Number of protein chains: 2
Amino acid sequence: MPKATIDDVAGLAGVSIKTVSRVVNAEPNVRQATRERVLNAVRALNYRPNASARSLAGDRSYLIGLLYDNPSANYVTDLQYGVLAACREQHYDLLIHPCNYKHSGICEEVVGLVAQSKMDGVLLTPPLSDTETVVAALQQARIPFVSIAPRQSDEGAVCVATDDHQAAFAMTEHLIALGHREIGFISGHPDHRAMARRLEGYREALRAFDVQPQQHLVVQGYNSFESGEACARQLLLRKEPPSAIFASNDDMAAGVMMVAHQMGIAIPAGLSVAGFDDTPIARQIWPPLTTVQQPIKAMAETAAQILIGRLRGQTEIDTAPVIPSQLVIRQSTAVLP
Amino acid sequence: MPKATIDDVAGLAGVSIKTVSRVVNAEPNVRQATRERVLNAVRALNYRPNASARSLAGDRSYLIGLLYDNPSANYVTDLQYGVLAACREQHYDLLIHPCNYKHSGICEEVVGLVAQSKMDGVLLTPPLSDTETVVAALQQARIPFVSIAPRQSDEGAVCVATDDHQAAFAMTEHLIALGHREIGFISGHPDHRAMARRLEGYREALRAFDVQPQQHLVVQGYNSFESGEACARQLLLRKEPPSAIFASNDDMAAGVMMVAHQMGIAIPAGLSVAGFDDTPIARQIWPPLTTVQQPIKAMAETAAQILIGRLRGQTEIDTAPVIPSQLVIRQSTAVLP
DNA sequence: AGCGCTGAAGACAGCGCTGTCATTCTAACC
DNA sequence: GGTTAGAATGACAGCGCTGTCTTCAGCGCT
């Protein structure tokens, strides 16, 4: 079957191509009977509008871009699945673009890419959404975008916000409730604003429950399993090691558990360990890891819906929804003996 | 800066738009001096050809699709990075399309998708590349495609082949060399041809080294961590448990190790465990897992290069390169005491 | 000098759609 | 019944490029 064009459909339905166009694009002002006649013709010919022609004429590509720079495969695929769900629903296609947020030419790269590939808009994810130069470049180039980012009062940018602060507070509260007072904290990569929020949440919980914060119990990690190992050694080799360690992500928490195993420390009997993100690894280590589950997929889907809505001209939508995360208590945390 | 069109460039360079088109598309028959004049104008105006116009006129979209149905985030992102590397080099864009290979309408879905999004060609990955109906539908619709798939003599389809058989043979040989004779094998999902090849490799190695194959030492897994656990219980609760277990993938091997830990079996002292794939988890469990590393990224990149080459009209390329995988010996396998 | 020939460049017609504006129809009102 | 606002439809010009065909200059040959 040769691919049908809009003319074929118009001919079969006995209307002008413009009317077919109206029906296909769900525009108003078409009589119900006409609409059905056209739809039948579309089905009969298995007509698919030509995306290129449509883009060229309409100056819209029905393509959105997903920009990311994140080494976690799970995070990336969760993002993609969420965005794809929204795209499919709205008949948009997705272009993915991993990039290096530290690259000096990142702004030109991003703007150039959007121009080149004719994206209608882009989705920005951490740490790109935390990189102010990129955000500014996008704004300046008037490229529609929506960020996924920690909650933030400043900036007018549209974003789907995470509640890292609150979740870290809740996790710390959980540890305190178990009787822990010496709670080590492994902070995350300094370029990720979400990581800073997690540290704040931890600190605020200590304050809220009158636990004496100790500077040396907070060590700087860099999100990787290996950095988790290094930080764990630093914390556990002290003369007075903490009774619990809260790592800013699961990979580092897994690193902590690896080191604990090697040092012969039982978990959770001798050490409670908590992570953040609820990646698959949380359930694949022993004991299963207490962590925080952030609905990445839902956030990505929401962000994509908002972006596409804006591209369609909507503006009255909620400009910064916060998607709540959830504590997942497993077996790596226990009451202080 | 308003976006420049080909007319602007032609005007500035003092040539016709067709000549600009020739230069931009690296076509022959343009004098060197003219070419340079045009290129200067392109740079001066920061000209980017309009992808939609180009597609419409040239009946090419410079878009390729990556089809997959795989729950492993690492696998998927490796694929993507490989394909993207080739795309970037060749100025193609990538559309990703996760799908459900068991869905009954999968063939129509795939063909429809390609038509809809105007993809020039697609990349097929396991288990889609193992699904004959999909392959047939693509061939019938005359959609150019390249598969990533286990080596296979039949079919004329262009593919980048894996050497699962050989790698599994090598791993089994490694275990035999360590003195193991009772080697349990956890096979993978039956719909993945690669998994069948791994089982064959195991069997052939037993035969080659005169180890008595035992039917009950081969149990059926389904690629997941949980199925690895179940299979491990089945193998380890026998009165004469194997001294080594070779799982068809790392997740299942991790499941085996989890069960062994729970049963108080030391690894590798009491049990050698081997996996396949070299996913990050292999290094994040204790002890680090002996496994097989298959260069997914390189395979994907090669496949994309071949596909793009074909789209460009090349045909004399190697039609079925085999990318060799590599044994990674870590600490989960040891000499039989 | 006249011939054909090749390489370099341009003219021109669309690709299949959408935006704009003109036109026709419908129905509700006086 | 005549008007008229508004809904429904159509005519038409291009969006920015590429494919095809044409033109023309320059060259070697007889």
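We name chains A, B, ... by the order of the sequence lines, and we start the count at 1 in each one. All values below were derived from every heavy atom in this structure, side-chain atoms included, with hydrogens, water molecules and symmetry-related copies excluded. Worth saying up front: this structure is predicted, and the values here are computed from it rather than measured.
Among the heavy atoms of the strands, none lies under 4.0 Å from B:Ser52.
Residues satisfying the side-chain contact (heavy atoms from CB on, under 4.5 Å) criterion with B:Ala141, sequence neighbours excluded, are B:Val111, B:Ile143. The side-chain contact (heavy atoms from CB on, under 4.5 Å) check on B:Leu94 picks up A:Ile96, B:Ile64, B:Leu66, B:Val83, B:Leu84, B:Cys87, B:Ile96, with sequence neighbours excluded. Judged as a side-chain contact (heavy atoms from CB on, under 4.5 Å), and not counting sequence neighbours, the contacts of A:Asp93 are A:Leu63, B:Leu95, B:Ser117. Here B:Arg37 pairs with nothing under the side chain to side chain donor-acceptor pair (under 3.5 Å) rule; sequence neighbours left out. Residues meeting the side chain to side chain donor-acceptor pair (under 3.5 Å) test with B:Arg142, sequence neighbours left out: none. With sequence neighbours left out, the side chain to side chain donor-acceptor pair (under 3.5 Å) criterion links B:Ser61 to B:Asp120. Judged as a side-chain contact (heavy atoms from CB on, under 4.5 Å), and not counting sequence neighbours, the contacts of B:Thr302 are B:Val160, B:Ile306, B:Pro321, B:Ile323. Under the rule for a side chain to side chain donor-acceptor pair (under 3.5 Å), A:Ser55 has no partner lying at least two apart in sequence or in another chain.
The pair A:Glu132-A:Arg193 meets the salt-bridge criterion, since a charged nitrogen lies less than 4.0 angstrom from a carboxylate oxygen.
Each of B:Lys18 and B:Leu56 lies near DNA chain D, and the nucleotide nearest B:Leu56 is the one positioned closer to the 5' end. Between B:Ala53 and B:Gly14, it is B:Gly14 whose nearest contact on DNA chain C lies nearer the 5' terminus.
A heavy-atom distance below 4.0 Å to DNA chain D is reached by these residues of residues 22-31 of chain A, ordered by number: A:Arg22, A:Asn29, A:Val30, A:Arg31.
Put simply, chain B comes within 4.0 Å of DNA chain D, heavy atom to any atom, from D:dG16 to D:dT20, going 5' to 3'.
In this structure, the CD1 atom of B:Ile6 is 13 Å from the C1' atom of C:dG10, given to the nearest Å.
The ring pair (Phe, Tyr, Trp, His ring centres under 6.0 Å) pairs that include a residue from residues 71-110 of chain A are A:Tyr62-A:Tyr92, where partners are two or more places apart or lie in different chains.
Computed from C1' positions of five pairs at each end, the angle between the two local axes of the helix from C:dA1-D:dT30 to C:dC30-D:dG1 equals 40°, rounded to 10 degrees.
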